[in-house]
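Protein chains get the first letters and strands the later ones, always in sequence-line order, with residue 1 at the start of each. These numbers come from a predicted model, not from an experiment.
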Protein chains: 2
Amino acid sequence: MTLNIASSDFLPTRRQGEVLDAALQLLVEDGDRLTMSAVAREASCSKETLYKWFGDREGLLTAIVKWQASKVGMPRVEPDKLNAQSLRKSIESFGRNLLSVLSGDISVALNRVAISHAGTDRSGLGRIVLENGRFAMGQRLKPVLEAGRDAGLLGFEDAEGAFCTFFGLLVRDTQIRLLLGDDLVLGKQAIEREAARATEQFISLYGT
Amino acid sequence: MTLNIASSDFLPTRRQGEVLDAALQLLVEDGDRLTMSAVAREASCSKETLYKWFGDREGLLTAIVKWQASKVGMPRVEPDKLNAQSLRKSIESFGRNLLSVLSGDISVALNRVAISHAGTDRSGLGRIVLENGRFAMGQRLKPVLEAGRDAGLLGFEDAEGAFCTFFGLLVRDTQIRLLLGDDLVLGKQAIEREAARATEQFISLYGT
DNA sequence: GCCGTACCGTAACGTACGGTACGGTGAGGA
DNA sequence: TCCTCACCGTACCGTACGTTACGGTACGGC
């Protein structure tokens, strides 16, 4: 019986986690060209086991994405004392986190494979990546923004739109360039600089 | 002898253009799953001709991208009388154009296939898409921005960064969501609204 | 008329890879 | 000791598709 990977309460065993780690590494290296045989070889498991656990190739890819999503902790920002200073620091910290995740090898690889499958895809890889990436991020920052609004520090109609704008100010063309293979190196320093700039601009636009 | 598709002076004949149009349509419909047989069938040409003209599958994909790039006219904006009003209208018009192109089926399909091939790609599809998309756009808007700066209407250090910010304000998460298959419908009205908002915010940030 | 060129349509080849089958091995349990 | 179970390794199957080969047609030049 195939594991119901689609269910949200998917808890891989230790061994399954090892296999998924190996598969993820291959996915980062080879992209969508990873083969079931290569995964089996790398993870020292049999193809039969792969198919037993994950159903088919699509199921394996889906499991990889969910596995990674379960591992990466979303940046949780909760300013204790809300004032202009702490709000700015919260937003900027969130931005640093988001940008460093989005520009990482793993995020790029997962987005690439999900995009490759979008359009002709019944497993909904793109949807999963969106839910665990872009949308989850919005859910994390929006409370902060709304708290800032309630405290009279920010002004906006809908938090969704405000987050979208912050996302745009932060990411700009970085993600699409990385996805397209542009050799853009985003060091720690550059990430901090970009997050600071985006925060500055965001508060300039939405601050009261 | 294979045509040197890589050269910038690639001028397809009328017949070749028809074949590339058919291939482009298939690419939009089927994405990267398009096959040489399907192209030959749809274009009513022989596979032998495809290989003679384009070398191999990669060459065909490259030719499709270049063909589309040669067809789409970049929005050229040149405000004759430069004042705050005309500058704003120029930027906003450019934004409308850019957003409607980026959210179109063809752009999404081409970006998807280029992203699929990025990382393990000898033909540099991603580079070509970047050159003819994102970078070409920057080259078009930057003179306008610099003219605005010279006229004392805008203030920024480097035009590249300013364009990046406008790009981010305009596109936000639209492109990545479309690439990931999110069923986002961006009508004419929404495009105009977004372009107006982005322009407003950009001038608010960079206006003097 | 004959040749070369360019092209169409189709058949065929080779291979990579998803998916399956099967024998072998080690652990736990009666 | 024997059975069962989960798993590994590997050989195998079927198919899709990139690529090549080849026969046939139209046409322009000599």
**Prompt:** Are Leu205(B) and Phe156(B) close enough that some pair of their side-chain heavy atoms sits under 4.5 Å apart?
**Reply:** no
**Trace of the salt bridge (charged side-chain N to carboxylate O under 4.0 Å, His left out) decision for Arg57(B) with Asp32(B)** = CA-CA 11 Å; Arg57(B) 188 172 183 276; Asp32(B) 206 5; 3.2 Å; yes
**Item:** Distance, rounded to the nearest Å, where Met36(B) contributes CE and dT20(D) contributes P
**Value:** 10 Å
**Asked** Within a strict 4.5 Å, meaning less than it, do heavy atoms of the Asp183(B) and Arg127(A) side chains meet?
**Response** yes
**Message:** Taking 4.0 Å as the cut-off, does a side-chain nitrogen or oxygen of Trp53(B) come that near to OP1 or OP2 on dC7(C)?
**Reply:** yes
**Message:** I need the OH-P distance between Tyr51(B) and dC22(D), as an integer number of Å.
**Reply:** 17 Å
**Asked** Could you give the CG-to-P distance, from Leu34(A) to dA16(C), as a whole number of Å?
**Response** 17 Å
**Length of the CG-P vector between Leu50(B) and dT20(D), whole Å** = 12 Å
**Complete:** DNA chain C nearest-nucleotide lookup for Glu48(A) and Ser37(A): closer to the 5′ end is Ser37(A)
**Message:** Is the phosphate of dC7(D) approached by Thr49(A) (side-chain N or O, under 4.0 Å from OP1 or OP2)?
**Reply:** no
**Prompt:** Is a donor-acceptor contact shorter than 3.5 angstrom present between the side chain of Lys47(A) and the base of dG19(C)?
**Reply:** yes
**Asked** OP1 or OP2 of dC8(D) less than 4.0 angstrom from a side-chain nitrogen or oxygen of Arg15(A), does that happen here?
**Response** yes
**Asked** Quick one: Arg41(A) CZ to dA11(D) P, roughly how many Å, whole number?
**Response** 13 Å
**Request:** Starting from C1' on dT15(D), measure out to CG on Asp56(A) and report it in whole angstrom.
**Result:** 16 Å
**Request:** Identify, between Arg57(A) and Ala43(B), the residue whose nearest nucleotide on DNA chain C lies closer to the 5' end.
**Result:** Ala43(B)
**Item:** Closest listed nucleotide, where the reference is the side chain of Cys45(A) and the choices are dG18(D), dC8(D), dG9(C)
**Value:** dC8(D)
**Request:** Could you state the atom-to-atom distance from CD of Glu42(A) to P of dG9(D) in whole Å?
**Result:** 12 Å
**Request:** Please check the phosphate of dC7(D) (OP1 and OP2 only) for any side-chain N or O of Lys52(A) closer than 4.0 Å.
**Result:** yes
**Item:** Atom-pair distance (CZ on Arg33(B); P on dC17(D)), nearest Å
**Value:** 8 Å
**Item:** Residues, nucleotides or ligands: over 12 heavy atoms within 6.0 Å of Asp30(B) CG
**Value:** yes
**Arg197(A) and Gln201(A) side chains, donor-acceptor separation under 3.5 Å** = yes
